[in-house]
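First comes the structure, then the notes that go with it.
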2 protein chains.
Amino acid sequence: MNTQEFAGRSDPSGPVADIATVLQALADPVRLAMVRSLAGSVEPICCSSFQVPVTKSTLSHHFRVLRGAGLIEQRAEGTRKLTTLRRAEIDAAYPGLVETLVRAPLELPESLELDEAVRESELAAGALAG
Amino acid sequence: MNTQEFAGRSDPSGPVADIATVLQALADPVRLAMVRSLAGSVEPICCSSFQVPVTKSTLSHHFRVLRGAGLIEQRAEGTRKLTTLRRAEIDAAYPGLVETLVRAPLELPESLELDEAVRESELAAGALAG
DNA sequence: ACAATAGTTCGATGGCTGTCAAACAATGAA
DNA sequence: TTCATTGTTTGACAGCCATCGAACTATTGT
C-alpha cells in the first residue's frame, strides 16, 4: 500500500483492487473530489479540467494512485489524457460504493471546488437521481 | 481530519461523520478489520477480544478514531468496555456501505485475521503447552 | 488494603504520503 | 525547426499518523 513508489500496476485494465486499497485511495479529499467529479460526468474528463488546488505534478500523483487502485482508466488523445471512471468494474466489485460516494453530501475542506461545468453536471446527476 | 489530536468528538451519540472522514477512518487495515468484525457479530464486542496485532494503546487510538467518525459506540460494563457498530446510523447516512465492507473479500496484509488469528494463537498455545 | 484486570493518556518515533519545483518527454501548432 | 501545451518523473520536504512503552485511572476480586 505504498502510494509513493510504483504502486503495483500501471495498466489499468486489471481488476479493481481490494477493498482496503480502494478505501485508502478514496480517503484523500482531493482524490475523493476527483472520483466524485468523474462519477458525475459520463464524458471522460481532461486532466487539466480538474479544478483542484494542487499542482499538475500532485494531480498526476493522485491519478497514479487511483489508477493503481483500478478505479480509473486513462487514454491519451493528442497531448491530452482523458480520464474515465471504471464505473462498471467498480460497481461489479463493490455494488453501491460509487453511488454512496456521489450521493454523500460533501463539505469541502479547503474550497476544494470544481469548475462550473463539473458542478452543473453534478447538479444534473443529482436531479436525475433525485 | 487529525486523528492524532482530539478528533472532533468524544460523545458517540452524534451523527455519522461526513464521507471523507468515514473513508479515512476505514482506510486503515486494522480499523477496517475491526469494523468488519463488529459488523459480523450482533453482540457488542469487548475491546480485548479484537485479535489484532497491536498493543492496547494503539487499539484505544483506533477506537477513538472510529468513535470520532461516528461509526461505533462504546459502553462501559465493569472494567470492560463493550463496543457496538452504529449500524443503523451508518446505513441511514450511507446505505450499503457496511454491506460493501462486509461482503468484500479481504486479503490481510499481515495475517490480520480475527477469528483465524484466535484459532492460530490457540493452536500455537496448545502446541507450546503440549 | 492490596493486587489484578481493562483502558486511557502521554511522549516519542519512524514511516508513509501529499505537496511542490524543476527537469524531462511527447505531441501539436506556427 | 521552434515553440507551446500537457503530463510524467524525480528529488526534497513537511506534516500526519500508526505504533509502542510507560505512567495513570478505574473497577473488581481476594
Open item on the list: Hydrogens and angles aside, do Ser60(B) and Ser57(B) bring a side-chain donor and acceptor to less than 3.5 Å of each other?
Closed with: no
Task: Pair Lys81(B) + Glu77(B), salt bridge at N-O below 4.0 Å - done: no
Task: Gap between atom CD1 of Ile72(B) and atom CZ of Arg64(B) - 0.5 Å precision - done: 12.0 Å
Open item on the list: Tell me the interatomic distance from His61(A), atom NE2, to dA12(D), atom C1', rounded to whole angstroms.
Closed with: 14 Å
TODO: May I have the distance from Leu26(B) (atom CG) to dA18(D) (atom P), rounded to whole angstrom?
DONE: 12 Å
Open item on the list: Once rounded to the nearest 0.5 Å, what's the spacing between atom CG of Leu71(B) and atom CD1 of Ile90(B)?
Closed with: 4.5 Å
TODO: Let me know the distance between CZ of Phe63(B) and P of dT9(C), rounded to the nearest Å.
DONE: 13 Å
TODO: Could you check how far CE of Met34(B) sits from P of dT19(D), rounded to whole Å?
DONE: 10 Å
Open item on the list: On the nucleotide dG7(D), are OP1 or OP2 found under 4.0 Å from the side-chain N or O atoms that Arg64(A) carries?
Closed with: no
Open item on the list: Are Leu85(B) and Glu73(B) packed together at the side-chain level, in the sense that at least one heavy-atom pair is separated by less than 4.5 angstrom?
Closed with: no
- [ ] For His62(A) and dT9(D), give me the distance from atom NE2 to atom C1', rounded to whole Å.
- [x] 16 Å
Task: Side chain of Ser60(A) - closest among dG18(C), dT9(D), dT19(D) - done: dT9(D)
- [ ] Mark up nucleotides 21-30 of chain D, 5' to 3', with B wherever a protein heavy atom is under 4.0 angstrom from a base atom, S wherever such an atom reaches only the sugar-phosphate, and - elsewhere.
- [x] BB----BS--
Task: Distance, rounded to the nearest Å, where Asp28(A) contributes CG and dC16(C) contributes P - done: 17 Å
- [ ] Select one nucleotide: of dG7(C), dT19(C), dG7(D), the one nearest the side-chain heavy atoms of Arg80(A).
- [x] dG7(D)
- [ ] May I have the distance from Lys81(A) (atom NZ) to dA25(C) (atom C1'), rounded to whole angstrom?
- [x] 11 Å
Task: Residues Glu89(B) and Arg87(B) bridged, charged N to O under 4.0 Å - done: no
Open item on the list: Side chains of Leu66(A) and Thr83(A), heavy atoms from C-beta outward: is any pair under 4.5 Å?
Closed with: no
Open item on the list: How many whole angstroms separate atom CD of Gln24(A) from atom P of dG15(C)?
Closed with: 17 Å
